[in-house]
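Note that the structure is predicted; figures quoted are calculated from it, not measured.
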Amino acid sequence: MPNPFPEELVNDDNQDLNPAIQLFGRRFFSDQTTIEFLVELLLVVVSRKQVDHREFDTPLPPYELLSKWPRRCKLEYAPKSRLNLKLFSFFGSSKLDTRHKSHRDHLKELDDAIMSNMMVTGDRKENILKTLENLFLGFQGAGSQRTWCAQSFVPICEGLIAGESIWRQSKARDVEEWEEALYYFSHNQWLFLARGGEVLYLQLCNALRQKPETVTAWAEASGLKDSFTRDEMNPIWLHGQLDLALTDLMGACPKTISELAEFIDSGAEAQTTERTDRQGNEPRYTSCGWCPEEGWQEGYLFAVEVLRLCRAEVDLMDRLELLEVACSMQVLRSLAGQASRYTAKPSLSMAKGYRLAISDPGGHNLTVKQISRASVRAIEKMIYDAIRHPDIKRRVPKPDHLKLYREADRRYGHKLFITLAKRLGLIIPRRGGGMRFVLTERLLRFLVMTLIPANRLTYDTFKLLAETHYGLAFDESALSRASAWVTGIRIDSFGGATDEWLQDMLEAAGILRRLSDSCALVENPAMSDRQGV
């Protein structure tokens, strides 16, 4: 059985009895979109946090706290709901049947309060108000078909990062006033911000609390030593640099946007903020879930990759898009890596426990195409079998056995892996049979940005790192290993070149430099020479 981090937070009387949650943590959920994994991760990053009543405002817990985490103590954070800002930004584009009278009345009061603080003359106030509404509507990130309060912003700055709020419409039929309506918003259902971002944050904490000698031994034993710089193998250094990088990320957007958001949310009308974000005179804290302690290796890779993306020389929106991909790829890696521990021989490297055979986008090499399809089915079966491990199965209540396993498969297990991989474009087709792994330009750009620590690597090393970090198999050697994992039969001939399409994609992007017929370099355009190893 996986040991939870923070320890001893698994309860036998709640959802932790679900077999997939027992294995993967509380929780990765199929209804959470790719952008919402990032939003929730950054929500924990920017919120005030505490462990054992020790409060801190930094993105990550202090290293002394991480290294000596108190037993039986949860990580708690105080997310801001930002109901006024969401109402101002999203109400006008929400469905008519979700526009409650108390919400309409409060929006008018909010508009009047904002205009009363404008230093302009004539009818220009209404025009400015509409411009502000359109501005913040343009930052809509997820949930456009939901009620206004359940939608999320693109997390370009701290002022736009908000917790989940659900309007309990059926219970609020007779509500007339906004002050009364505030009691009918729920902030702890985890329907869309479903705790996946919390798990990602805990994975970072779990990885960064490891001892330097433990990280070094793992990197050497698993073939990852050459994929890290010397500094990156030191969790103390990595903790400090990642903490600074996350702070810089949240400060990259012009302050005007965040200040406007804060003014609309609290400066113009404070009652909502006090009611939803505070409990008496104290912040309203919510508890994070937990992640498997043994999965710190995946978390360490994630920490390094996030740091590299935060340091990449790209604009803010590109960086956020790459971080969105990083979060989703980390969920896939966590599912596959943890499942491989419970279905295969123990290994220090999660990438050695499974393979994702990548076929060319057009599917022209039929042998590789078939291996890729088989590897999709093998990943599904591996996750399916892992949550049925005898130690996990033993803890599932017999009366609820079938119900819990159906839910595990559909929402937290192999169908989550397939659903999320399709959203990323890692698996095609989106509908129908014959699913196989492919690589899109977006995913290729992400791999280049995260796998190349300096400004260039040899093409062969790049492919090897993609296999070591994510289990991605491109060339004959890697595909042979993938075939052996999937079918038990090692195939050495694939009826033609298997990775020419990858070279073509890299060359089309202008980041492949051919030195000879047998040697080429892959360049990271977002990494300057001064950032190299």
Side-chain angles (χ1 to χ4, degrees), residues 1-2 15-34 36-37 194-196 199-200 203 289 291-292 294-295 298 327-344 347 350-359 370-393 395-396 400-438 443 470-473 482 485-488:
M1 277 294 301
Q15 62 180 332
D16 289 340
L17 291 175
N18 186 287
I21 291 178
Q22 288 186 48
L23 185 61
F24 303 123
R26 192 198 312 156
R27 63 180 178 166
F28 293 132
F29 186 54
S30 60
D31 286 355
Q32 191 160 3
T33 63
T34 57
E36 284 171 327
F37 282 116
R195 286 196 145 154
V199 175
L200 294 176
Q203 286 181 339
C291 68
E294 61 196 336
E298 290 98 333
C327 290
S328 297
M329 289 294 286
Q330 173 65 7
V331 174
L332 298 180
R333 178 165 55 194
S334 299
L335 294 175
Q338 183 71 346
S340 70
R341 294 187 179 96
Y342 286 79
T343 56
S347 171
M350 74 298 302
K352 295 182 185 299
Y354 63 93
R355 290 293 187 282
L356 313 182
I358 308 297
S359 63
Q370 291 304 318
I371 295 174
S372 184
R373 286 175 172 174
S375 68
V376 173
R377 295 192 295 270
I379 287 286
E380 286 188 284
K381 186 177 186 303
M382 181 179 70
I383 296 174
Y384 180 90
D385 291 342
I387 64 176
R388 287 163 176 80
H389 188 279
D391 289 344
I392 293 175
K393 208 169 183 178
R395 295 191 67 235
V396 180
D400 300 324
H401 187 276
L402 291 177
K403 174 186 174 182
L404 287 173
Y405 267 105
R406 274 198 300 267
E407 183 181 46
D409 290 331
R410 181 169 61 90
R411 291 184 166 182
Y412 314 119
H414 66 275
K415 290 189 177 179
L416 163 60
F417 185 97
I418 297 300
T419 299
L420 187 54
K422 286 183 175 180
R423 287 173 182 163
L424 281 173
L426 184 62
I427 287 180
I428 60 171
R430 291 291 296 265
R431 300 182 184 277
M435 292 183 294
R436 58 190 174 94
F437 291 111
V438 296
L443 288 172
Y470 291 102
L472 305 180
W485 175 69
V486 170
T487 65

*Could you tell me which non-hydrogen atom of L420 sits nearest to which non-hydrogen atom of S328, and how far apart they are?*
CD2-O, 3.6 Å

*asked:* What I'd like to find out is whether the side chain of I383 reaches to under 4.5 Å of the side chain of F24, using heavy atoms alone.
replied: yes

*Kindly indicate whether the side chain of R27, heavy atoms from C-beta on, has any atom under 4.5 Å from the side chain of R411.*
no

*So do the side chains of R26 and Y412 get within less than 4.5 Å of each other, counting heavy atoms only?*
no

*So, do R377 and M435 sit near enough that their side-chain heavy atoms are less than 4.5 Å apart?*
no

*Measure the SG-CG distance between C327 and L424 for me, rounded to the nearest 0.5 Å.*
10.5 Å

_Test item: L443 and M329 side chains (from C-beta on) under 4.5 Å apart, heavy atoms_ = yes

*What's the verdict on side-chain contact (heavy atoms from CB on, under 4.5 Å) for S372 and I358, showing C-alpha distance, side-chain angles and the deciding distance?*
CA-CA 6 Å; S372 184; I358 308 297; over 6 Å; no

*Check whether any side-chain N or O of R333 sits under 3.5 Å from a backbone N or O of Y470 as a donor-acceptor pair, and report yes or no.*
no

*Would you check if the side chain of T419 reaches a backbone N or O of L416 as a donor-acceptor pair within less than 3.5 Å?*
no

*Side-chain heavy atoms of D409 within contact of R388, under 4.5 Å*: yes

_Which heavy atom of V438 sits nearest to which heavy atom of G425, and what is that distance?_
CG2-O, 3.4 Å

*Heavy atoms only: give me the nearest A482-A473 pair and the separation to one decimal.*
CB-CB, 4.2 Å

*Distance from L332 atom CG to R423 atom CZ, nearest 0.5 Å?*
11.0 Å

*What is the distance from atom CZ of R395 to atom CG of D16, rounded to the nearest 0.5 Å?*
8.0 Å

*Got a salt bridge between R341 and E298, using NZ or NE/NH1/NH2 to carboxylate O under 4.0 Å?*
yes

*Determine the minimum heavy-atom distance between S359 and R436, stating which atoms define it.*
OG-NH1, 2.7 Å

*Can any side-chain N or O of Q338 pair as donor or acceptor with the backbone N or O of P292 at less than 3.5 Å?*
no

*Do you know which two heavy atoms are closest between S375 and R355, and how far apart they sit?*
CB-O, 3.8 Å

*Apply the test side-chain contact (heavy atoms from CB on, under 4.5 Å) to residues T343 and K381: give CA-CA distance (whole Å), side-chain angles for both, the deciding distance (0.1 Å), then the verdict.*
CA-CA 10 Å; T343 56; K381 186 177 186 303; over 6 Å; no

*Between I387 and N18, does a side-chain contact (heavy atoms from CB on, under 4.5 Å) hold up when you go through it step by step?*
CA-CA 9 Å; I387 64 176; N18 186 287; over 6 Å; no

*Output yes when a side-chain donor or acceptor of E36 lies under 3.5 Å from a complementary backbone atom of T33, and no otherwise.*
yes

_The test is side-chain contact (heavy atoms from CB on, under 4.5 Å); show your working for S340 and M382 and say whether it passes._
CA-CA 7 Å; S340 70; M382 181 179 70; 3.8 Å; yes

*If we only count heavy atoms from C-beta on, is the L404 to P19 side-chain gap below 4.5 Å?*
yes

*Do the ring planes of Y342 and H389 sit parallel (below 30°), tilted (30 to 60°) or perpendicular (above 60°)?*
perpendicular

_With a 4.5 Å cut-off on side-chain heavy atoms, are F417 and E380 touching?_
no

*Would you name the heavy atoms of Q22 and P2 that are closest together and state the gap between them?*
O-CG, 3.5 Å

_Measuring from atom CZ of R430 to atom NZ of K422, what distance do you get when rounded to the nearest 0.5 angstrom?_
7.5 Å

*Using atom types as modelled and distance alone, determine if a side-chain donor or acceptor of Y354 lies under 3.5 Å from a backbone N or O of W485.*
no

